[in-house]
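For reference, the structure discussed in these notes is given below.
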Amino acid sequence: MKESIGDRSIAVAIVVILIAIGLLTFFPLYYVFVVSFTDPTEYLQKQGFILFPLKWSLASYRYLLSTSTFLNATSVSAFLAIVGTPLSLIITSGLAYSLSRTRFWGRRVLLILILITMLFNPGFIPPYLLVRDLGLINNIWSLIIPVLTSGWYVILMRSFFDSIPAELEEAAMIDGCNDIGIFFRIMLPLSLPALAAFGLFYAVAYWNTFFSAVLYINNPQQWPLQLLLQNMLIDSSTSGDAGMTSDVQIPSQTLKMAAVVIATVPILCVYPFLQKHFAKGVMLGSVKG
Amino acid sequence: MQIMTAQKSSKLAAASLKRRTAQSNLKRDKYLYLLALPGILFFLVFKYVPMWGVLIAFQDYSPYDGLLGSQWVGFTHFIAFFSSEQFPILFRNTLMISLYNLVFFFPMPILLALLLNEGRNVLFKKVIQSIVYLPHFLSWVIIAGISYLLLSQTSGIVNQVLVSFGMHKIDFLTNSHLFWWLLTGQSMWKDAGWGTIIFLASIAGVDPALYEAAKMDGAGRMRQAWHVTLPAIRSVIVILLILRLGQVLEVGFEQIYLMMNGAVSQVADVFDTYVYRNGIQNGQFSFSTAVGLFKSIVGLLLVIIANRIAKQFGEEGVY
Amino acid sequence: MTKKLLSFALLTPTILALTACGSQPASSGQQSAPTEISIMTEFSTPDAPGPDNPVLKEFEKRTNTILNINWISPNNFQDKLNAILASGQLPDLTKSNKLNNPQFQKMIQQGAFWDLTPFIKDYPNLAAYPQSVWDNTKINGKNYVIPSVRPLDGASYFAIRKDWLDALHLPIPQTMDDLYNDLFAFTHNPDGSLKPDVIGYNMRDMTSANAVPTVQDIYNASNGKWKLQNGKLIDTDLQPATRDALLWLNKAYNNGLIPKDFAVFKPTQAEDLAKSNKVGMSQDTVEGIWRSTDGASKIDPKADFLPLVSLTGPNGVFAPRTPGYNAVYAIPKTVPLDKLKKILSLMDYGASDEGFTLACFGLQGPDYTVGSDGFKIVTDQAVKDNISQSSFGKIFERYDKYLWAYHTGMPKTVFDRNKTIVDAREKVSIPDPTDGLYSDTYTKQGSEYDKQISDMKIQVIMGKATMNDWDNLVKKLQADPQYMKIADELNQAYQQRAGK
């Protein structure tokens, strides 16, 4: 079909806008990358005015990777994302699916009860005591179990299940499937796009685990990456031992940015895979529609 | 449709039958309940058990005495908070930051999703998507670090570029007129791209026949987007908007805390930073819980109101 | 093999030292089962020492203990401490970075911790801490805590580029006017021997509680907000001298002596500027400034930050004295008496010469060697194992007057100069009279007031608020009964302590 001139110019405008947005988003990331590879002395001399380093330096990376903690923390964060995400998806989708069925008796009450939990925040002491009483302090599961699902995701996912027609379910029921069978054999495959999206949400949340680790993990060997990063990026000399400055290693700007890059690399590695999976999910979703 | 029939039938059921219906429903749908069980247990244990913590808002809580041993003080902490001279400032800042977010940030993912949807070249779209999703993975700590790196007056590259073009340096980080924009800009950079996922997913679910029909009617791309795409994602927008409204008093603590400084604190101090200083740093557990409770109640009211309005406009709402 | 021999050689005198300490491990000579001790502390090394750290193992061996150390990063220390205090399950040795933490204070009042007063004299190394430090950490006249002892002199103060002064033929500044002229000369030097984008003073001392502590202190000749005047504590924030300090800073800001966006600076950023050879004056401890000198000398080999001994303001000579401790350790009552003594002897060992060396430097050989100048040279292994004053040195401390004169990598000439600076400071330095005094109102509301005052200072310096705004704030505070109550409470506490 022929396109009108108006449509043409709109198409061009869209491309231009998208490129502009892409560049704006990309530049800070590029800059971080460049700074991380700059020689620390060159950085100090040029006061950060670097678009391309004179000499690529691996000094910051060499230093970071020489500490075992960094790799340790990365594997903790990876464990959280890899183990936590499927668990979260099963629990969230199970509850969300049940709540999306109108025959589920008591669903309105449950929904309201769940909504309330999204709004009342009891602070951090009561959850801390609970985790302690469950014997999870210093246990890596304390970073997964208390955040397995959230009201926000249950409610959002429920609206996805809402869109799946009830006839499918009825047909399966006639075929002798029970609810669990229907859920795993029909509903989950049908909602792959939603699962992919929520899987990403959860994976990111697990990857960025921070404050609960502050509270529940005493052993620095079990720190997730974000806690380590915070220690490097945020000034510790303000809150720490003000006078006792002997050999406190203050990470330079280049070292900080190298840490940022390393923390982002694992994401970049799984990123294409996730995106492909996600795209597939979206396609399935459109077939379904 | 379904909901309406269900509501009707439940209304019709006689009160005396209600119990029996409940029991038989439970029996009939036992596998459905089994599916929901882990989730329900989670909410009970991890969301409802700690809720006793809310009670300390009405106490002079001392950890050593515990919940039972601490002295009850009624609404003292609430009164102290509302009458403090900080309250109006905190309220204004929280509300304004939220408003900036709602007006300038919230529509961004929708616009971006529409733009991406219109993009033709698959590879181009993919590249742009990959780029704009990426910042979402960065924590606020990192983003604050990057912001300082880019925007500071002493060594920020943006200002150095401005100077090299013969312009004046701009005090991005210490100008109280720019602070709310700074926060909104950061949020956009971080999450506008990521936010498109949910909209793109629902756009992908739109029946292609609808577009064909619109084309037949002679609708251009703008009109197609307006008349087909937008209505298709309307319910998602409404749900997100309702939930967002409930979070009006929840402005990103970490972000603000990291970007706040003495020159902008008049416009930067919000409930959360206040609670952090008083509650966590000074150990005033009861006082900070009271402030948190106040926030929760306002949030709950806002969600209820927004949900009402949504329903009146024919949307399904959150509950 | 050599390692084994060495540790054996070190072990023998240790057992002797332990038995000689009078802490008497129940049956003399007999090898009793090691005592398990849990410790909660902080670290500011790049990583926390691991459970198989050689220094940890050595401490356990030498003191017959099993140490479960919970290392917490200073960034999260306050949150974690509050959670642990709230849980009621305290480690055997609990660190609080502030004596004034309200929860901590409350729990001491409620009797949650041991009163250590009767025991301290039995532990000679702990008892050797300066008396003023023990006095200042008393609560209700009793010692509930073991201070993390620190030198009294060598505190954070101005340090100026001596090489730049020399290049411009300027003497070492004595007054604030001198200082202003020097900084002005650095940034506007007529002969152009310095770079044009030099910053006078990097404001490294800015904290969240006070944007301009050092300048304000010099103008008031007071160490901190509270000044002792005629036997009474007065609030320097309300004094005209602080107003003058702000005028000085505002002038400096307007003339480009201070970075335009100092308000967002973190101390490390300010320090980075100093390291990049762009700053005429920075602020740090006598030894800490070495990092800046070291960094800047990579760009300009002549770079030399000279820590000033003192400066004279309108109210007299001022140099700060530290409280002599930076954090405190307490032992909960749930610990039985026998174990309490064991913990105290552990801390006493850590305060011995030998124990402190082990904590800060590790073992001679694998962790450090002694150079010809008598300085210990730390090996890469020690750095890797995070053996440092910033890890184990935060638990085990010995009082050493010159601790803040030496920094790793420093040449002996600088160390000797620093020692003379510490000695000179000792004669004039002023302590903070409110050390160890507790005001309930201040602990609860103080940080809000501090923030309000500090924010206004920043705005006045930057010209975003006027001197008039400042005067109005002072008037408002004077009329605020809750604010004025802080002064009353502190004065009361001061009189009470003085009376004893």
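Each chain gets a letter, A, B and so on, in the order its sequence line appears, and its residues count up from 1. From a predicted model like this one, the values you see are computed outputs, not experimental measurements.
Residue contact with chain B, scored on non-hydrogen atoms closer than 4.5 Å, involves the backbone and the side chain of A:Ile180 alike. Looking at A:Leu134, the atoms closer than 4.5 Å to chain B (heavy atoms on both sides) all sit in the side chain, from C-beta outward. If you measure heavy-atom distances from B:Tyr48 to chain A, the contacts under 4.5 Å come from the side chain alone. For A:Ile182, no part lies near chain B; criterion is any non-hydrogen pair under 4.5 Å. Using a 4.5 Å cut-off between heavy atoms, B:Ile40 contacts chain A through both its backbone and its side chain. With a 4.5 Å cut-off on non-hydrogen atoms, A:Phe198 does not touch chain B at all. Both the backbone and the side chain of B:Leu115 come within contact range of chain A, each with at least one heavy atom under 4.5 Å from a heavy atom of that chain.
The closest donor-acceptor contact from the side chain of B:Tyr31 to the backbone of A:Gly181 lies at 3.5 Å or more, if one exists at all.
Side-chain contact between B:Pro135 and A:Thr25 is present, with at least one heavy-atom pair separated by less than 4.5 Å. By the 4.5 Å heavy-atom criterion applied to side chains, A:Leu113 and B:Phe43 are not counted as neighbours.
Checked options A:Leu148, A:Thr149, A:Val147, A:Leu130; the residue passing with B:Phe46 is A:Leu130 (criterion: side chain to side chain contact (heavy atoms under 4.5 Å, CB included)).
Looking at every heavy atom in both residues, B:Leu32 comes nearest to A:Ser98 through O-OG, 3.1 Å.
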